[in-house]
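Every number for a ligand or one of its atoms is a count from 1 in the order of the listing.
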Amino acid sequence: MTTIASNLQAMRAAIHEAAHAAGREDTNITLLAVSKNFPAEAVRSAYHAGQHFFAENYLQEALDKMSALHDLPLEWHFIGPIQSNKTRAIAENFPWVHSVDRLKVAERLSAQRPEHLPALQVCLQVNISDEDTKSGVSIAEAPLVAAQIARLPRLKLRGLMAVPAPTDDIHTQRGAFATLRELLQNLNQQGLQLDTLSMGMSQDFAAAIMEGATMIRIGTAIFGNRTYS
Ligand SMILES: *Cc1c(COP(=O)(O)O)cnc(C)c1O
């Protein structure tokens, strides 16, 4: 078995265990393999180990991998920062975008989503740790921006995404994820119909699953440590 295959197997077991501890079904938790900084061949190897959903942070890197892997039926999710001049290529090439963090970007994605494709599925990124350096709307802004995005014709607002401040303390991790879950519940009480909580990475996915994550985004625990050149 390749390292990637055994890492995936261990990851699926860990998801199952966390879901069981939370009294949840692991079928309600989608594992996204975050392949940034890893080559197309690593993605191919994950696919052969049963992984279908992949996430990328950088547009050009993602497009290169998509073309190298066009023979495989993969589903690609965009999770990186979005510059306005990149929205067209994102709208044309991805079925899902998790990192929508302002109305202007959502409007461009909606306007640029090709007619022959289904509505682009998006999450609103929320800055739950309220760090200046992190992208995402504030918790206070989220209800208005979510309502505005939900009205855009070529987008389907599915839910919320967050990248909380890293910490090893599981209680702090759970607190941040609980904040996102409660925000989603509030938005649904106000009439939105959101079903997706995109939260949890290699270091904190168990806490995220305890708090209701429906999509976890895992890079390091599947592909290994990233080296930046
Ligand atoms: C890189 C990245 C991940 C994966 O992080 P790991 O700690 O390697 O699992 C998940 N989400 C986002 C937004 C990322 O940028």
TODO: Could you check whether the rings of His20 and His16 sit parallel, tilted or perpendicular, using 30° and 60° as the cut-offs?
DONE: parallel
TODO: Check ligand 1 against Ile218 and write out every atom of the ligand that is under 4.0 Å from a heavy-atom position of the residue.
DONE: 9 (O)
TODO: Answer yes if the ring centres of His52 and Tyr47 are under 6.0 angstrom apart, and no otherwise.
DONE: yes
Task: Trace of the side chain to side chain contact (heavy atoms under 4.5 Å, CB included) decision for Arg158 with Asp195 - done: CA-CA 6 Å; Arg158 293 291 301 269; Asp195 60 11; 3.0 Å; yes
Open item on the list: Does only the side chain of Lys36 get under 4.0 Å from ligand 1, or the backbone, or both, or neither? Count heavy atoms.
Closed with: side chain
Open item on the list: Can you name the atoms of ligand 1, numbered from 1 with element, that are less than 4.0 Å from a heavy atom of Asn57?
Closed with: 14 (C), 15 (O)
- [ ] Do me a favour and list the nearest non-hydrogen protein atom to atom 5 (O) of ligand 1 with residue, atom name and distance?
- [x] Met201 CE, 3.5 Å
TODO: Flag the pair Glu41 and Arg44 as a salt bridge only when some basic side-chain nitrogen lies within less than 4.0 angstrom of an acidic carboxylate oxygen.
DONE: yes
- [ ] State the atoms of ligand 1, each with its element, that fall below the 4.0 Å cut-off from a heavy-atom position in Arg217.
- [x] 4 (C), 9 (O), 10 (C), 11 (N), 12 (C), 13 (C)
Task: Interfacing atoms of ligand 1 (cut-off 4.0 Å, heavy-atom, Ile79) - done: 11 (N), 12 (C), 13 (C), 14 (C)
- [ ] Could you give me the CA-CA distance, side-chain angles and deciding distance for Gln112 and Arg154, then say whether side chain to side chain contact (heavy atoms under 4.5 Å, CB included) is met?
- [x] CA-CA 8 Å; Gln112 295 167 341; Arg154 299 291 293 134; over 6 Å; no
- [ ] Check each atom of ligand 1 against the heavy atoms of Thr220 and keep those under 4.0 Å away; list them by number with element.
- [x] 6 (P), 7 (O), 8 (O), 9 (O)
- [ ] Indicate yes or no: does an N/O atom of Gly219 lie under 3.5 Å from an N/O atom of ligand 1?
- [x] yes
TODO: Classify the contact between Arg226 and ligand 1 as side chain, backbone, both or neither, using a heavy-atom distance cut-off of under 4.0 Å.
DONE: side chain
TODO: Inspect the surroundings of CG in Asp168 and state if more than 12 heavy atoms from other residues, nucleotides or ligands are less than 6.0 Å away.
DONE: no
Task: Test item: side-chain donor near acceptor, Glu182 and Asn186, under 3.5 Å - done: no
Task: Closest approach of any protein heavy atom to atom 9 (O) of ligand 1, naming residue and atom - done: Ser202 OG, 2.5 Å
